[in-house]
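Values below: all heavy atoms of this structure, side chains included; hydrogens, waters and symmetry mates excluded. Starting from 1, each residue takes its place in the sequence as its number.
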Amino acid sequence: MNNIPLYEKLRPKSLNEVLGNSRLKKILKSWIEKDKIKSFVIYGPPGSGKTTVISAFLNELDDKKYEIHKISGALEGAKTLKNIIASSEIPLFKKQTVLFVDEIHRLNKAEQDVLLLHVEKGDLILVGSTTENPSFSINPALLSRILTFEIIPLNEENIGILLKRINKIYPDIIFEEELKFSLKNFFNYDIRRIINTIEALIDMGIKEITSDSFKEIHSSFGYSKEDKYDTISAFIKSIRGSDPDAAIFYLAYMLENGEDPLYIARRLMILASEDIGLADPMAMNIAVSAFQATKEIGYPECLYPLGEATLYLSSAPKSNSVLNAYMTAKKYIGEKFEIPFKLRNPVTKWMKNKGYGKNYKYPHDSGGFVIDTYLPDKLKEKQFYLPKNIGFEGKIKQRLKKLWDGFKNY
């Protein structure tokens, strides 16, 4: 009994015991009360309580009406699924089969297709948990037949209740009053990590647990939400300022403090267009490749593609002309204007008679370029994109200047 982790000892047996997520609990309870169970998936980060909610839900189902199966999408595949489904198809006096697939995103397309057919027929009620966005990780056909719920992180009040529950098991332990705020900032979604760390401190013989106690185990404790945003800001500004040393330092600080690598990778993709753009078109390719590699290999090996992208983007020439062009153009979209008739496709005879497409000059008939106006008449003198003499964008500027000499000011 002593070998049972504290996390398991605290796992709620019913939905009423589950902390937070009141809206989701209300929906699940109403299904149980009305005996109308639907297929659904819960998604959220690791340790956020997805399995806890689902386990509590399954505990409340009437075992006289439902036959419950639980499998791991990471460990079990088509053979296990087919065996469960085969048992659900026995017609006489059968119970409704409920299948819980943990890490459902780990099932391949063929395995998800096996589920699709039987969810559609009503042979199977599918319940799943996933750390991946269902829009990307679950087949669209299957996703359209199930409901999706996103787990909500615990707030400070919920964490306070959690600490009281731990106190019931370990009545000699004293928790600092402000601890619930520190835990929220540091661990955010990861309830399991909160409990496991507290258990480790208790096992070390610590009787009074404060924010400082966590430094015994987590050197990164104290990396709060404020630190997160301050550091990512410093990271981006360092790359924008072409300082690879500062940028790689802040990258290491974030990764070693448990920052989500994909969060960093997304910011690099934004920066590649916002701050480099056409000064070095390869910057976007490098950033996107780093994101894909990070998604595939995860932590800690993601430090390599993220480090490579950070150093490349820091060293690349900088231009914000893409951003400037868009924001300048955006100022005029509220004005009433008409698309020139020559730019409209004459799809029907009526359109052709109205003048759609008339006088349109096809550039390829003139070697790939012909001087013409494309903006609405009232905006035809406007110029939104002003390329800079920086990196590759300098070549773009020279080409546009040659093409539009006498018509646009490059």
Side-chain angles (χ1 to χ4, degrees), residues 232-243 247 263-292 309-310 312-347 351-352 354-410:
I232 197 69
S233 176
F235 174 65
I236 295 301
K237 287 181 172 67
S238 297
I239 298 175
R240 184 181 293 141
S242 299
D243 187 340
Y263 170 70
I264 300 171
R266 290 186 189 99
R267 294 302 300 267
L268 288 175
M269 289 191 290
I270 295 169
L271 179 139
S273 277
E274 181 183 355
D275 295 300
I276 298 171
L278 295 171
D280 183 353
M282 273 300 295
M284 177 57 82
N285 291 336
I286 294 287
V288 171
S289 295
F291 175 84
Q292 292 295 341
T310 295
Y312 185 94
L313 299 184
S314 297
S315 308
K318 306 298 187 296
S319 172
N320 66 345
S321 58
V322 172
L323 173 64
N324 289 341
Y326 182 88
M327 298 308 290
T328 305
K330 181 181 173 182
K331 294 177 183 177
Y332 294 90
I333 62 174
E335 295 188 15
K336 189 172 179 60
F337 63 87
E338 286 191 355
I339 303 293
F341 271 67
K342 65 185 176 184
L343 300 182
R344 304 184 193 187
N345 279 338
V347 179
M351 290 179 174
K352 190 172 184 179
K354 288 283 289 183
Y356 283 38
K358 187 178 181 180
N359 298 325
Y360 172 62
K361 299 173 185 176
Y362 188 55
H364 298 291
D365 290 340
S366 304
F369 176 76
V370 59
I371 289 179
D372 202 351
T373 56
Y374 296 92
L375 278 168
D377 286 344
K378 67 183 300 183
L379 299 174
K380 64 183 180 182
E381 303 297 328
K382 298 293 181 184
Q383 197 168 333
F384 305 119
Y385 176 47
L386 300 173
K388 299 181 179 182
N389 284 313
I390 299 172
F392 187 83
E393 194 169 29
K395 296 181 180 180
I396 294 175
K397 180 174 181 176
Q398 290 306 311
R399 180 172 184 274
L400 291 175
K401 187 174 183 178
K402 184 177 180 181
L403 292 174
W404 292 97
D405 186 37
F407 290 88
K408 294 194 179 192
N409 185 23
Y410 289 108

At their closest point, which heavy atom of [X] faces which heavy atom of [Y], and how far apart are they?
| X | Y | result |
| --- | --- | --- |
| E393 | P387 | OE2-CA, 3.6 Å |
| S314 | T310 | OG-O, 2.7 Å |
| S321 | Y385 | OG-CE1, 3.5 Å |
| M351 | P346 | CB-CA, 4.0 Å |
| A279 | P317 | O-CG, 3.5 Å |
| L343 | I339 | CB-CG2, 4.2 Å |

State the [atom1]-[atom2] distance between [X] and [Y], to the nearest 0.5 angstrom.
| X | Y | atom1 | atom2 | value |
| --- | --- | --- | --- | --- |
| I264 | I236 | CD1 | CD1 | 9.5 Å |
| R399 | Y410 | CZ | OH | 10.5 Å |
| R267 | I232 | CZ | CD1 | 5.5 Å |
| N389 | Q398 | CG | CD | 6.5 Å |
| K358 | F341 | NZ | CZ | 11.0 Å |
| E274 | S319 | CD | OG | 11.5 Å |

* **K388/N320 under side chain to side chain contact (heavy atoms under 4.5 Å, CB included): CA gap, chis, key distance, verdict** => CA-CA 9 Å; K388 299 181 179 182; N320 66 345; 2.6 Å; yes
* To do: Compute the ring centroids of Y332 and F337, then answer whether they are less than 6.0 Å apart.
  =>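 No, ring centres 6.0 Å or more apart.
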* To do: Would you mind telling me which of F291, F235, Y312 makes a side-chain contact (heavy atoms from CB on, under 4.5 Å) with L268?
  => F235
* Worked verdict on D275 versus I239 for side chain to side chain contact (heavy atoms under 4.5 Å, CB included) -> CA-CA 9 Å; D275 295 300; I239 298 175; over 6 Å; no
* **Worked check of side chain to side chain contact (heavy atoms under 4.5 Å, CB included) between L313 and I276** => CA-CA 8 Å; L313 299 184; I276 298 171; 3.7 Å; yes
* Could you tell me whether the side chain of F392 reaches within less than 4.5 Å of the side chain of M282, counting heavy atoms only? => no
* Using a 4.5 Å cut-off on heavy atoms from C-beta on, say whether the side chain of Y356 contacts that of V347. => no
Does [X], at its [atom1] atom, have more than 12 non-hydrogen atoms belonging to other residues, nucleotides or ligands within less than 6.0 Å?
| X | atom1 | answer |
| --- | --- | --- |
| Y362 | OH | no |
| E335 | CD | yes |
| D365 | CG | yes |
| K378 | NZ | yes |

* Asked: K408 and L400: side chain to side chain contact (heavy atoms under 4.5 Å, CB included), yes or no, with the steps?
  -> CA-CA 9 Å; K408 294 194 179 192; L400 291 175; over 6 Å; no
* Taking atom types as modelled, is there a side-chain donor on K342 or T373 under 3.5 Å from an acceptor on the other? -> yes
* Asked: When you measure from the centre of the six-membered ring of Y263, is the NZ or CZ of R266 under 6.0 Å away and within 45° of the axis?
  ->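 Output no; distance or angle outside limits.
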* Sub-3.5 Å donor-acceptor pair from the side chain of K382 to the main-chain atoms of T328, do we have one? -> no
